[in-house]
Amino acid sequence: MPELPEVETTCQGIAPHVTGQTIQTVIVREARMRWPVSPEIEDLSKETILSVSRRAKYILLTFESGTLLIHLGMSGSLRVIDPAADLRKHDHVLITLSNGLELRYHDPRRFGCLLWTSESPHLHPLIQHLGPEPLSEDFTAETLKTAAQKKKTTIKQLIMDGKVVVGVGNIYACEALFQAGIHPKRKAAAISLTRLDTLTNEIKAVLARSIKQGGTTLRDFLREDGTAGYFKQQLAVYDREGEACLSCDTPIKRVVLGQRSTFFCPKCQK
DNA sequence: AAAACTACCTGAGTGC
DNA sequence: TGCACTCAGGTAGTTT
């Protein structure tokens, strides 16, 4: 679930309910995440959430005394919910707020993290070496051109490298390459600036489109689920092995690239 | 230095 | 029904 559009819609979804609220209680039911949940967060009662923001796939909750970095990993989710709602398996961290609502972190695979930093989050080791945001003006064809130089890597692996550009996960890497008509296995260094320009535009477009769709499900983010199948309808290649290309009817192919399933149209993508 | 591989973890799905 | 196996949206850390 959590690719960049989901992280962004989670931020937008929780922000109005948590911004300006004071924390009442924090319960860590399971601290074993990718890294142990920072013990400091259990001391956050009476602290006020000043803002909610996002850097790459990290959600940043800013307090006067520091910042809580939240990553959803592969299976995490963050909901604003009535504290009386039944606890589900894998509801690991519960944060109650002064408005009577509760922020609940749920993550079956525990690949996510909740880390406290009292310094600027942008200096945090997990964040400071990250590349530009894909939707910012700092991400351009030149970004990719420079990153590709002297590398043997494929274009798909390049755009999924967080040091090059953040937030492009497996699904959207496949989708953007399809929209740009570029074969995922093509050597990044051999692609013209013109085609890289098309690709950067398609990455921005597909992410923006998904965020917009996330926006439509934003209103009912309090519900148990609801977004699950929604993006899926819009996907042109991801998880469509053997199905007809929406553009030319050729069966979509699947290959493995960097241990990740990669879907593409062998006719439309060169 | 860069590329390839491993590891973390649970749950859903498949085939026998 | 149950067991064994594969695969999944991420990414840091280790090895080649």
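None of these values were measured; they are calculated from a predicted model. Order of the sequence lines sets the chain letters (A, B, ...), proteins ahead of strands, with each chain counted from 1. Heavy-atom basis, side chains included; hydrogens, waters and symmetry copies ignored.
Atom-to-atom distance recorded for A:K151:NZ and A:D161:CG is 6.0 Å, nearest 0.5 angstrom. Taking CG of A:N170 as the start and OH of A:Y238 as the end, the distance is 5.5 Å to the nearest 0.5 Å.
Comparing A:H90 and A:R34 by the nucleotide of DNA chain B whose heavy atom lies nearest to each, the residue mapping closer to the 5' end is A:R34.
Listed pair A:S261 / C:dA8 meets the phosphate criterion, a side-chain N or O lying under 4.0 Å from OP1 or OP2. Between A:R109 and C:dG9 there is no side-chain polar atom (N or O) within less than 4.0 angstrom of OP1 or OP2. Distances shorter than 4.0 Å separate none of the side-chain N or O atoms of A:R260 from OP1 or OP2 on C:dT11. OP1 or OP2 of C:dT11 has at least one side-chain nitrogen or oxygen of A:H71 nearer than 4.0 Å. Between A:Y238 and C:dG9 there is a side-chain N or O to OP1 or OP2 distance below 4.0 Å.
Checked by atom type and distance alone, the side chain of A:D138 never pairs as donor or acceptor with a backbone atom of A:P132 at under 3.5 Å. Of the possible donor and acceptor atoms, one in the side chain of A:T154 sits under 3.5 Å from a partner among the backbone N and O of A:Q157. In this structure, A:D197 contributes its side chain and A:L193 its backbone to no donor-acceptor pair below 3.5 Å. Without hydrogens or angle criteria, A:R34 side chain to A:H71 main chain gives no donor-acceptor distance under 3.5 Å.
Interface residues of residues 148-171 of chain A facing DNA chain B, ordered by number: A:K151, A:K152, A:T153; criterion, heavy-atom separation under 4.0 Å.
Going from the C1' atom of C:dA12 to that of B:dG11 covers 23 Å, rounded to whole Å. If you take atom P in B:dT6 and the same atom in C:dT6, they sit 14 Å apart, rounded to whole Å.
Residue A:Q128 places its CD atom among more than 12 non-hydrogen atoms of other residues, nucleotides or ligands, all under 6.0 Å distant.
Chain A approaches DNA chain B over the interval B:dA3 to B:dG11, counting the first and last nucleotide 5' to 3' with an atom under 4.0 Å from its heavy atoms.
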- Intra- and inter-strand pairs of DNA chain C in dot-bracket (Watson-Crick or G-U wobble, both distances under 3.5 Å; | for another strand): .|||||||.|||||||
